[in-house]
Protein chains: 2
Amino acid sequence: MIVTIKDVAKEANVAPSTVSRVISNSPRISEKTKKRVREVMEQLGYHPNFQARSLAAKSTQAIGVIMPNSAFHAFQNPFFPEVLRGISTNAHTNKYGIYLSTGSTEDEIFEEVTSMVQGRRVDGIVLLYSRVNDKTMKFLQEADFPFTVVGRPDENEERVTYVDNDNIFITKQITNYLIKLGHKNIAFVGGSLDFVVTIDRLNGFKLALSEAGIPFNDEYLVNEELIKENGKKAITALMNLQSPPTGLVTQDDLIAYEIISHLEDMKIRVPDDVSIVSFNNLLLSEHSKPSITSVDIAIYQLGFEAAKCLIEIIKNPDLLPRRITIPTKIIERKSCANNKNIPM
Amino acid sequence: MIVTIKDVAKEANVAPSTVSRVISNSPRISEKTKKRVREVMEQLGYHPNFQARSLAAKSTQAIGVIMPNSAFHAFQNPFFPEVLRGISTNAHTNKYGIYLSTGSTEDEIFEEVTSMVQGRRVDGIVLLYSRVNDKTMKFLQEADFPFTVVGRPDENEERVTYVDNDNIFITKQITNYLIKLGHKNIAFVGGSLDFVVTIDRLNGFKLALSEAGIPFNDEYLVNEELIKENGKKAITALMNLQSPPTGLVTQDDLIAYEIISHLEDMKIRVPDDVSIVSFNNLLLSEHSKPSITSVDIAIYQLGFEAAKCLIEIIKNPDLLPRRITIPTKIIERKSCANNKNIPM
DNA sequence: TTGAAAGCGCTAACAG
DNA sequence: CTGTTAGCGCTTTCAA
């Protein structure tokens, strides 16, 4: 029922090895034979068996994509689909398949990755996150298995190939933007400090403040998870501070969006009373009211390049580690205004 | 360097087959031997090779997930991530991996599916769409390959297992909701009529109209793709009709969202001037201004059940085809109002 | 330019 | 309860 290389061989009066060579388009086979074999393959409806091929050739033609364990909670967030789109576009043109890993705890992820690697399910891996002290990344390094990271690795930066934005720089820029509008009381709404991206952005944020001579205020550091759990409460607490912030730097348009909604419920107007800037530049940021000033981090590119680098490494394991920085762009919209609380 | 079943066997002083049996936890092996073998596996860091196992056992422990070719354009839409989340949750608990297919044209998808099937890359397939006259689905049926569909198949409905909402019913309901608010001029904003979901919903829509004695007006049929391309133009055209609609039924919150934004630009207020209902009940629908009345179609469940059914079929190919209907719920919010253009 | 044969790592009869 | 053996379908030396 299943047509194998042997069937083709028999039908075409050649050896199985010849058929194999035709499949890989070996130059050592005459065009004539190739043609005949191909016709038989067509006629018999032959399709190569991936497992057998992988087993013999020790290559799977598939790459593994590892989501962070929090991704699924935040999966209504278009970051992951968009980065996946970039990855899959590139993988596909290189004839690689995509194997998705979706563990829901750190240990589960680790388990999945080790079994993917040791079990030779994939030829390489794209890590869609970078967290502090990540055993999965350590494992990959120690196993010397091809992998690339979307985000900056916490350690051994110069020994892994990764694709990232310049988060420190761009966060400094966007914070400066608020400062130039006259804001001094600026809050930073970020995710867990376990993620390198949060660390980098917070550093960029602090850098901007210190250069402007504004002291950093711990009370203005808001945890993103808190917002997701009970946004109303978190925002209320923030805005009820002795001197509430007039500017907000958030990590994601969706969060910005939710915050704005809560603020409006509290009769605090954006941008009149509070200015807000954000990251990711999702489609909706343009259509929301107010439209959100957001950093376009080129999510698709991040994925595309990560896949590209990975496939290059798979094909040539001796390639030197490199860092690719995807440029960002501030998209100015209507969520910011001059600070009216202070004399200009 | 790579540790195989043989290494484990040698180290544990048993035959390879015994190790194999330990892996599959065969009841015919003594607990004592199992323990010893497991210790050796642990100690040697053994991981089974998937390819070899697949080849010998003719099962891959992976399911393929096929996106519609338009999905990636619409990939900022959280539908796919959410349905994927459902699929992966179920697959994962059943120890199945997920193989993602992301062709960008119909032919590419077909090609990917045939090679997945014939090349035995996966044990079964979840189709994330149902379109009219789809050759991919036909192929799967003819090949008698395990698959399930999210959505209602165009043909041979009784011969395939699928998971869907009752789209006709729910669209009728939601349209009735507008009708009861006094709306008579109601537009339907939908995707391509190649998709069964659009057909079903349009039918539900028409049903509601005809039961209310409202004639169906072709001019009120708006193509979703048009909105995505040039929303402003499409909306302007619609609202410039002789008698513009006062009610809108859209297929997706994101679209609803964009339409509202354009309407506001035109100084048409929602819900005061135009009421709008939608589908999917995305997170943002709650926080948008106005919040959107939307049908919660339980996307996660759709994916979860589709994976569940598929895995059941894989394990038992003789299972009869069945249809699973996931209940929906109308979430009433603030995007609708009584129609003020007509005397109540 | 082609064929024969060994083997990738595992499973599954069949024996014992 | 465990070992022996024969493949799964393909690639890849080595030989011709």
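By convention in this document, chain letters (A, B, ...) are assigned in the order of the sequence lines, proteins followed by strands, and residues within each chain are numbered from 1.
Here the P atom of nucleotide D/dC10 and the CZ atom of B/R121 are 14 Å apart, to the nearest Å. For the pair B/K10 NZ and C/dC10 P, the interatomic distance rounds to 13 Å; values are reported in whole Å. Atom-to-atom, CG of A/N25 to C1' of D/dT12 comes out at 17 Å; the value is rounded to the nearest Å. Regarding A/R120, its CZ atom lies at a distance of 22 Å from the P atom of D/dC10, rounded to whole Å.
Direction change of the helix axis from one end of the helix from C/dT1-D/dA16 to C/dG16-D/dC1 to the other is 30°, with five pairs defining each end axis (rounded to 10°).
Residues meeting the side chain to side chain donor-acceptor pair (under 3.5 Å) test with A/R159, sequence neighbours left out: A/N156.
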5' to 3', nucleotides 2-9 of chain C under a 4.0 Å protein heavy-atom cut-off (B base, S sugar-phosphate only, - none) gives BBB--BBB
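Across all their heavy atoms, B/L302 and B/N165 have their closest contact at CD1-OD1, 3.9 Å.
The stretch residues 10-59 of chain B participates, sequence neighbours left out, in no ring-ring contact (aromatic ring centres under 6.0 Å, His included) pair at all. Pairs of residues two or more places apart, or lying in two chains, that qualify as ring-ring contact (aromatic ring centres under 6.0 Å, His included) and include a residue from residues 102-142 of chain B are B/F110-B/F139. Listed by first then second residue, pairs satisfying salt bridge (Lys or Arg N to Asp or Glu O under 4.0 Å) with a partner in residues 98-108 of chain A read A/D107-A/K135, not counting sequence neighbours.
A distance of 10.0 Å separates OG in B/S88 from CZ in B/F304, rounded to the nearest 0.5 Å.
Under the 3.5 Å distance criterion, with hydrogens and angles disregarded, no donor-acceptor pair is assigned to the side chains of A/S17 and A/S20. Judged purely by distance below 3.5 Å, without hydrogens or angles, the side chains of A/K138 and A/N133 pair a donor atom with an acceptor atom.
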